[in-house]
Amino acid sequence: MNRLRVYLGAVMLAVLCSSAVMAADPVPIGLITTLSGPGGYTGQDVRDGFALAVEQEGGKLGGVPVNVTVEDDGLNPATGRAIADRFLQQNKAKIITGIVFSNVMATVAPDVLAAGALFISPNAGLSTFAGSDCNKNLFVTSFQNDAANVPAGVFAGQHGYKKMMLMAADYVAGRDMIAGFKMSYKGDAQEIYPKLDQTDFSAEIARIRDANPDALFYFLPGGAGINFLKQYAQAGVKVPLVATIFSLDSQILAATGDASAGMSVIGHYNLDFPNAANKAFVSAFVARYHRPPTFYAADAYDTAHAIGTALRAAGGDDSKIDVMRTELRKADFKSVRGNFKFGPNQYPVQDWYLMQVERGADGKLAVVTKSKVVSDYGDPFASKCKM
Amino acid sequence: MQLFVEQSINSLQLGVMLFLLASGLTLVFGIMNVINLAQGSLYMIGAFGAATAAAHGVPFPLALVFGAACGCAAAVVLEVALVRRLYERDHLDQVLVTFGVILFVNELVAIVFGRSPVFMTTPDALRGSVNLLGVPYPVYRLVIIGIGLAVAGGLYGLIGHTRIGMLVRAGATHRDMVEALGVNVALLFTFVFALAGVLAGLAGATVGPIFSVSVGMGEQILITTFVVIVVGGLGSVRGAFVAALLVATIDTFGRAYIPGLLAHVFSPVTAENLGGGLSAISIYVFMAIVLVWRPRGLFPIATR
């Protein structure tokens with residue numbers, strides 16, 4: 001009986017709270033990201049990059065007050081789903097963002113879309129929603145997983161690598177990455193898929209040494225990338241490394257010391273991009289958080305600005321999903337990446353660059369942008385999307 | 001052949017690593033009958049302690065000692081503040097509390113150090129590799145093997161040939177009798193817990209230069225550690241040593257060879273996919289087989 005009373009009380013409170021949400025209240029935004037575990041810094045940067053944009057506007061985005069609720073999915077799809085349901089039902093959020101890992105996105109996005117809300121990924125770029133299953137309420141502001149690797153394959157071909165080893169963490173994004181690389185790389189390729197939560201890579205390193213390929217292309221995000229790179233450098237294998245930015249963000253660079261020296265990195269964002277928006281972003285981020293932003297933070301910062309344009313167009317009324325969507329499609333904001341627009345599947349169309357890890361004048365390693373590998377590149381699935 | 005040699009040494013290295021964690025866990029379980037999920041947290045504390053010390057210019061061997069000391073101190077605090085109250089409770093309560101400790105310690109470390117992984121370098125003298133039977137093998141991994149074997153030897157001596165070891169062994173099998181003989185069992189238990197903390201802290205400190213030192217690093221290795229103590233027989237240090245080597249060998253060789261063997265039968269892509277899955281479950285299959293054959297593990301200690 002007592003428990004029933006508590007329950008009824010909770011329901012009444014919930015009803016009261018939800019009816020109290022009037023137009024004047026801040027627009028709720030649900031930010032689900034990965035804050036715990038060895039990949040936790042990725043979500044931290046998403047959260048901080050997003051929060052920086054909101055702070056710079058004094059708690060608003062696009063002139064509209066927002067209330068951003070952050071929750072940790074712990075890299076667990078089921079947890080992410082439970083949080084999303086709570087955001088949608090209790091917070092009445094119409095905008096869900098923040099997700100870093102593609103396996104979490106695969107579980108969460110369908111629920112969000114079924115509820116008629118907007119799903120805006122600041123990082124995870126699953127192939128599932130890029131092709132024929134694209135959705136008018138789903139936006140990705142970072143990249144499409146496969147697409148990021150096509151330029152890497154182009155680079156490997158240009159560099160004359162004929163026999164390569166491809167290694168990726170064994171989960172949905174890892175598979176996407178390797179598939180993307182093989183779209184543009186036509187030489188011999190042997191594939192290895194270590195586990196996503198693996199810490200020791202000695203067996204894989206021994207296989208690489210044994211196979212002695214022209215180069216190793218790998219995708220190991222977050223903690224796994226750090227573990228691998230440290231161990232690889234120590235093992236003294238001389239096979240050159242090629243990776244996308246996911247396996248060498250600024251945190252991995254800092255956490256691996258000299259291990260990444262000389263590595264070739266393909267990416268869509270770098271700290272040294274000379275455009276004004278990026279310069280302002282990097283100095284503001286460093287001043288606020290005392291560390292250089294990763295691309296996770298940069299993409300989240302862009303995401304916040306994209307949401308800002310949508311909220312401004314809707315006059316702060318987040319029930320006008322159609323208006324917000326139409327405005328989002330225009331990508332009418334200054335991206336820190338410079339050139340940015342959305343393709344027909346609402347995944348990005350942007351430039352990809354070759355960067356190299358070099359020692360700067362201060363003796364520290366830095367990722368230096370070298371040349372543009374492809375321009376205005378979307379992804380291989382966009383043509384299959386019929387909105 | 002070269003691959004085989006390299007993988008054998010890799011197995012040994014992973015094995016002694018697992019042993020450092022598993023020996024503490026199995027001692028605590030065997031002697032105190034406590035399931036301590038927070039062993040991974042002690043490992044993380046050891047790693048952060050050593051990385052912080054190394055970052056402040058402390059010489060590497062001392063940083064390792066400091067890491068072990070951090071693990072020890074944290075273990076003593078944990079035992080006195082919490083675990084002491086759990087001896088009479090059932091295992092579910094112990095699991096719940098120590099799981100809570102994991103969450104608490106993770107958040108605490110995140111507050112103090114942030115979520116960014118901490119960098120810990122390999123000392124210059126231990127960088128590079130030596131030629132071992134035709135394989136260039138990283139010196140640092142040999143150091144890990146050395147540390148692990150030294151600890152195993154030390155534990156063997158401590159448990160098998162000292163008075164305190166005798167009490168520990170007696171406490172594991174005949175707790176009531178030891179108490180009746182007037183031994184301060186509470187102190188003995190604190191000692192065992194502190195010892196487990198030293199082992200976990202040392203393990204964490206040792207892997208700092210090759211793993212990502214970050215929040216949540218303990219949970220990644222915890223499950224494999226439990227497999228080791230279950231296979232070895234709960235409470236048996238010798239069992240933990242043998243099981244750690246077996247589990248490491250199966251894991252390493254599975255990852256190295258299963259995909260290649262399957263490639264003779266399937267297409268390379270299928271073989272890599274299937275092989276990845278099979279090698280991922282290999283240690284659990286091994287555990288199941290051992291448990292069918294010897295339900296109480298390879299080296300069960302005498303029952304109470």
Side-chain angles (χ1 to χ4, degrees), chain A residues 35-45 47 74-75 166 170 175 178 189-195 197-207 209-211 222-238 250-259 289-291 294, chain B residues 2-7 9-11 13-14 17 103 106-107 110 114-122 126-129 135-141 207 209-217 219-221 223-224 248 251-257 259-260 268-269 272-273 275-277 279-280:
Chain A
L35 289 168
S36 52
Y41 75 83
T42 59
Q44 174 179 266
D45 259 30
R47 179 192 67 193
L75 222 178
L166 315 178
D170 190 7
R175 303 275 167 177
I178 297 298
Q190 189 187 345
E191 295 164 40
I192 315 184
Y193 294 100
K195 283 173 281 180
D197 59 355
Q198 195 162 311
T199 49
D200 186 283
F201 291 91
S202 52
E204 287 74 14
I205 291 169
R207 281 181 70 185
R209 195 204 301 277
D210 191 53
I226 296 173
N227 288 340
F228 171 73
L229 203 52
K230 279 179 154 184
Q231 295 169 28
Y232 188 81
Q234 235 177 40
V237 184
K238 296 287 175 249
S250 26
Q251 294 273 343
I252 299 184
L253 182 74
T256 51
D258 292 345
Y289 302 109
H290 312 293
R291 60 173 196 269
T294 59
Chain B
Q2 207 188 32
L3 184 64
F4 182 81
V5 172
E6 185 166 1
Q7 299 296 17
I9 315 173
N10 283 337
S11 308
Q13 184 257 317
L14 184 61
M17 263 317 306
L103 301 179
N106 277 347
E107 280 312 306
R115 294 192 182 278
S116 306
V118 177
F119 175 59
M120 184 174 173
T121 183
T122 321
L126 304 177
R127 254 177 229 172
S129 39
V135 185
Y137 201 77
V139 176
Y140 190 72
R141 284 188 183 253
V207 298
I210 58 170
F211 285 0
S212 160
V213 178
S214 55
V215 174
M217 63 185 288
E219 285 84 89
Q220 291 191 308
I221 199 158
I223 293 177
T224 322
D251 187 49
T252 306
F253 277 81
R255 270 151 57 202
Y257 286 108
V269 176
E272 194 56 55
N273 289 344
S279 56

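Numbered from 1 within each chain, the chains take letters A, B, ... in sequence-line order. Because only heavy atoms are used, hydrogens play no part in the values below, and waters and symmetry mates are left out as well, while side chains stay in. Bear in mind the structure is a predicted one, so any value in this text is a computation, not a measurement.
Contact of A:Phe228 with chain B is not made at all, since no heavy-atom distance falls under 4.5 Å. Neither the backbone nor the side chain of A:Thr42 comes within contact range of chain B, judged by heavy atoms closer than 4.5 Å. Using a 4.5 Å cut-off between heavy atoms, A:Ala206 touches chain B through backbone and side chain atoms alike. Within the 4.5 angstrom heavy-atom criterion, atoms from both the backbone and the side chain of A:Leu35 approach chain B. For A:Ile252, no part lies under 4.5 angstrom from a heavy atom of chain B.
Remark: A:Asp200 pairs with B:Arg141, B:Arg255 by the salt bridge (charged side-chain N to carboxylate O under 4.0 Å, His left out) rule, at least two apart or across chains. Among residues two or more places apart in sequence or in another chain, the side chain to side chain donor-acceptor pair (under 3.5 Å) test is passed with B:Ser279 by none.
Nearest heavy atom pair, residue B:Phe211 against residue A:Lys230, reads O-NZ, 2.7 Å. Of all heavy-atom pairs spanning B:Pro117 and A:Gln251, the tightest one is CD-OE1, 3.7 Å.
One finds the CG atom of B:Asp251 at 5.0 Å from the NZ atom of A:Lys195 (value rounded to the nearest 0.5 Å). Remark: A:Glu204 CD to B:Thr252 OG1 distance equals 9.0 Å, nearest 0.5 Å.
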Output, in order, the C-alpha distance, side-chain angles, deciding distance and verdict of side chain to side chain donor-acceptor pair (under 3.5 Å) for B:Thr122 and A:Gln234.
CA-CA 9 Å; B:Thr122 321; A:Gln234 235 177 40; 2.9 Å; yes
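Looking only at heavy-atom pairs under 4.5 Å with chain A, the residue among B:Gln7, B:Met120, B:Glu219 that has the most is B:Gln7.
Remark: side-chain polar atoms of A:Arg209 are not paired, donor with acceptor, to backbone N or O of B:Glu6 under 3.5 angstrom.
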